[in-house]
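Written out below as structure tokens is the structure these notes cover.
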Amino acid sequence: MKNHRIRLRHTVGGLVAGILLTLASGAPAQAEETPVPMQLPSFPVQVNGLKIDNERSPYLVLTYNNMVYLPVKPFADTLGLEVVWDAARGLKITRRERPSAIRPTVESNDKASVSRRYDAVLPGFPIEVNGKSINNAAEPYPLLLVDNVSYFPITWRFTRNEFGWRTDWSAKEGFQLTTEQQKVLHRIIAEDTEALYVEAESNRMLKVNKDLKGDPSPVNDKAKANVSQLAEKRKPGVPFAGDPKQAAVRLGDSVYYDNIELMSLKPILEKAAAFYESQTEYVNKGLDVQSKIMKLDDRTVLAVISISSFLHIPAPYTPYTHEAFVIRDGKALSVPDLTQVPTRVVRNPDGSFWIVSEAADRMTTRTPNVNGQLALLDTSGQLHGMNTKLGEKDIDLLAATADGLTVKAYSDRFKAYHDSFIPLDAEAQEAYYHLDLQGNETRLFLYKGAGRGYVDSKGHIYVVDRQVNRISDLTSGQSRMWWDYELKP
């Protein structure tokens, strides 16, 4: 493919003449000056997995000083950008809140005329990127106009810092740009002998082969109901459920169960008194003390005490603090690391127990601080706080076997939500562990990224990536990624 000489110049003239071209190109026409060389790339260029065919593409990919440039308006939907131009305010380029999942336009039916002359200009109108004014003339790689089409430089500053994209290079594949992907695959919830069942966007469910070959196939509503039942059955242990006939009681400034003192209320009462003394617009309505009591075995009871001193805040927004206690042989022990109500209890064959408080699946105004917490009551009656032991805020329980648990440990709850933004080049790592019945850990894998884990019936650990639509089998080392436009219904 031949190189082309591109004319680059400063100008504010020709603005009115170019307005008619703005709807198609996002920029006005300008007058000529000293030509500056610009080249067609001598290497392949891929956008979201598709190679741009410069011989048939309706808009060429170009390079300036070895930097790749893309025509921003024609690629706006694929790049997930909002591109607006008007004569008064100039050009504004903004990251969209949600990626569009539109397949890149890499070729047209007609062969492009690569022998025609291209003029490049340095635009004289204002430019904003994500609300920030750009001094385009001072940029080492400025935004350029070629035949009245705005060309955007794929630099680290813009791709990584502003839009959270990822760029890669290899001698074989050339330059590869991965933009923010619409998250279609959310998490694996069940399996059969050959396939995994994956929750997907828009309340869909997809079936993916365990060997990650082939494309995901949709699951109909009847099959979805059966899969949901399988998913519920495979959850380890039993739900934490209080016995309605059992309750802790408040006597004076303490809380008791079965005549055993669990906790003193004096620190909470003193803190509440200080708060209401300083905030006289609120009325101190005292404390609300609630309890849930679950019998674990003939010797052991799990009691959770929930307390609120802020009763001026109406339900369901009234904040509560929670403390868990194991009562065994007439003694009460506080459960370490558990500051939330447990959700599940797993009884092991040796008589030990895992006490689990699961993190929230979806982000709401009330769930960002709902973490995954885990404690072990071993056979000797000793309690182990596993979050402290692993040094992580969150632990997700993935599978339970006779000799322990498989868990994921991490410290950024926001990365678990599919509706939060994380740059594709963000440095995140999540560790997968086996925990034995004495509370000892063995690290199995370190996943470079953020994702939702799943353990199948053969012990393989799969991860659905949080940032892109990729499933990895950590046990076999296999991985497969699908582009968002490939997964659209």
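Remark: K210 NZ is packed, more than 12 non-hydrogen atoms of other residues, nucleotides or ligands lying under 6.0 Å away. Crowding of N220 atom CG: a count of heavy atoms from other residues, nucleotides or ligands under 6.0 Å exceeding 12. Counting heavy atoms of neighbouring residues, nucleotides and ligands inside a 6.0 Å radius, atom NZ of K224 exceeds 12 of them. Annotation for R96: atom CZ counts as buried by contact number, over 12 foreign heavy atoms lying within 6.0 Å.
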Apply side-chain hydrogen bond (donor to acceptor under 3.5 Å, both in side chains) to the pair N48 and T179, showing each step before the final yes or no.
-> CA-CA 7 Å; N48 288 344; T179 66; 2.9 Å; yes
V326/I355 under side chain to side chain contact (heavy atoms under 4.5 Å, CB included): CA gap, chis, key distance, verdict | CA-CA 10 Å; V326 166; I355 304 170; 4.1 Å; yes
Could you please spell out the steps behind the side chain to side chain contact (heavy atoms under 4.5 Å, CB included) verdict for W483 and R103?
-> CA-CA 9 Å; W483 301 100; R103 184 182 188 273; over 6 Å; no
Take F75 and L81 through the test side chain to side chain contact (heavy atoms under 4.5 Å, CB included) and record every step on the way to the result.
-> CA-CA 8 Å; F75 276 78; L81 300 179; over 6 Å; no
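Annotation: side chain of M294 is in contact with side chain of V238 (closest heavy-atom distance under 4.5 Å). You'll find the side chain of L444 stays beyond 4.5 Å of the side chain of L474, heavy atoms only. Residues V72 and I93 meet the side-chain proximity criterion, which asks for heavy atoms closer than 4.5 Å. Considering only heavy atoms from C-beta on, R204 comes within 4.5 Å of V184 through its side chain. Two residues are said to be in side-chain contact when any heavy atoms from C-beta on lie closer than 4.5 Å; I395 and Y433 fail this criterion. Annotation: side chain of D436 is not in contact with side chain of D403 (no heavy-atom distance under 4.5 Å).
E323 meets the side chain to side chain donor-acceptor pair (under 3.5 Å) test with no other residue; sequence neighbours excluded. Remark: E201 engages R98 in a side chain to side chain donor-acceptor pair (under 3.5 Å) (not counting sequence neighbours). Residues passing the salt bridge (Lys or Arg N to Asp or Glu O under 4.0 Å) test with D215, sequence neighbours excluded: R480. With sequence neighbours excluded, no residue forms a salt bridge (Lys or Arg N to Asp or Glu O under 4.0 Å) with K92. Residues meeting the salt bridge (Lys or Arg N to Asp or Glu O under 4.0 Å) test with E358, sequence neighbours left out: none. Legend: residues meeting salt bridge (Lys or Arg N to Asp or Glu O under 4.0 Å) with D473, ordered by chain and number and at least two apart, are absent. Here F152 pairs with F158 under the ring-ring contact (aromatic ring centres under 6.0 Å, His included) rule; sequence neighbours left out.
Looking only at distances, no side-chain donor or acceptor of S309 sits under 3.5 Å from a matching main-chain atom of L287. Using modelled atom types, no side-chain atom of T379 and backbone atom of S352 make a donor-acceptor pair closer than 3.5 Å. Looking only at distances, a side-chain donor or acceptor of D394 sits under 3.5 Å from a matching main-chain atom of G372. The backbone N or O of K393 sits less than 3.5 Å from a side-chain atom of S411, completing a donor-acceptor pair. For E430 (side chain) and G451 (main-chain N/O), a donor-acceptor pair under 3.5 Å exists by modelled atom type. A donor-acceptor pair under 3.5 Å is absent between the side-chain atoms of E199 and the main chain of R187, judged by distance alone. For D465 (side chain) and Q467 (main-chain N/O), a donor-acceptor pair under 3.5 Å exists by modelled atom type. Although no hydrogens or angles enter the test, the distance criterion places no donor-acceptor pair under 3.5 Å between the side chain of D258 and the main chain of I260. In terms of modelled atom types and a separation under 3.5 Å, the side chain of N348 and the main chain of G351 share no donor-acceptor contact. Panel note: side chain S308, backbone F310; a donor-acceptor pair is recorded below 3.5 Å.
Between L206 and P218, the shortest heavy-atom distance links the atoms CD2-CA, 3.8 Å. Listed here is the closest heavy atom pair of P44 and K172: CG-O, 4.2 Å. Counting all heavy atoms, side chain and backbone alike, F163 lies closest to V129 at CZ-CG1, 3.6 Å. A pairwise comparison of heavy atoms in S228 and M205 identifies OG-CE, 4.4 Å as the closest pair. Contact record, Y462 with L212: CE2-CD2, 4.5 Å, taken as the closest heavy-atom pair. For the residue pair G385 and P336, the shortest heavy atom distance occurs at N-CG, 3.5 Å.
Summarising the geometry, atom CD1 belonging to I154 is positioned 5.5 Å from atom CG belonging to L177; distances are rounded to the nearest 0.5 Å. Between E191 atom CD and T193 atom OG1 the span is 9.0 Å, to the nearest 0.5 Å. A distance of 10.0 Å separates OH of Y432 from CG of L446, quoted to the nearest 0.5 Å. Taking CD of Q373 as the reference point, atom CD of Q340 lies at 4.0 Å (rounded to 0.5 Å). Remark: L383 CG to S334 OG distance equals 8.0 Å, nearest 0.5 Å. The distance from the CG atom of L50 to the OH atom of Y485 is 3.5 Å, given to the nearest 0.5 Å.
For the side chain to side chain contact (heavy atoms under 4.5 Å, CB included) with L397, the qualifying choice from L374, L405, L435 is L405, the only one to do so. The only member of K132, R157, R95 that meets salt bridge (Lys or Arg N to Asp or Glu O under 4.0 Å) when paired with E162 is K132.
Pairs engaging residues 234-249 under the side chain to side chain donor-acceptor pair (under 3.5 Å) rule: E232-K235, R234-Y454, Q246-Y257 [sequence neighbours left out]. The ring pair (Phe, Tyr, Trp, His ring centres under 6.0 Å) contacts involving residues 277-302 comprise Y282-H312, where partners must be two or more places apart or lie in separate chains. For residues 331-348, no pair satisfies salt bridge (Lys or Arg N to Asp or Glu O under 4.0 Å), with sequence neighbours left out.
Salt-bridge check for R250 with D288: failed, with every basic side-chain N at 4.0 Å or more from each acidic carboxylate O.
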Could you tabulate the donor-acceptor pairs under 3.5 Å formed by side-chain atoms of residues 261-271, not counting sequence neighbours?
from: E261; atom 1: OE2; to: S254; atom 2: OG; distance (Å): 2.7
from: S264; atom 1: OG; to: K266; atom 2: N; distance (Å): 3.2

Mind listing the side-chain donor-acceptor pairs of residues 299-306 below 3.5 Å, one per line with the distance, residues two or more places apart or on another chain?
from: R299; atom 1: NE; to: D329; atom 2: OD1; distance (Å): 3.4
from: R299; atom 1: NH2; to: D329; atom 2: OD2; distance (Å): 2.7
from: T300; atom 1: OG1; to: D297; atom 2: OD1; distance (Å): 2.8
from: T300; atom 1: OG1; to: R328; atom 2: NE; distance (Å): 2.9
from: T300; atom 1: OG1; to: R328; atom 2: NH2; distance (Å): 2.9
from: S306; atom 1: OG; to: H322; atom 2: ND1; distance (Å): 2.7

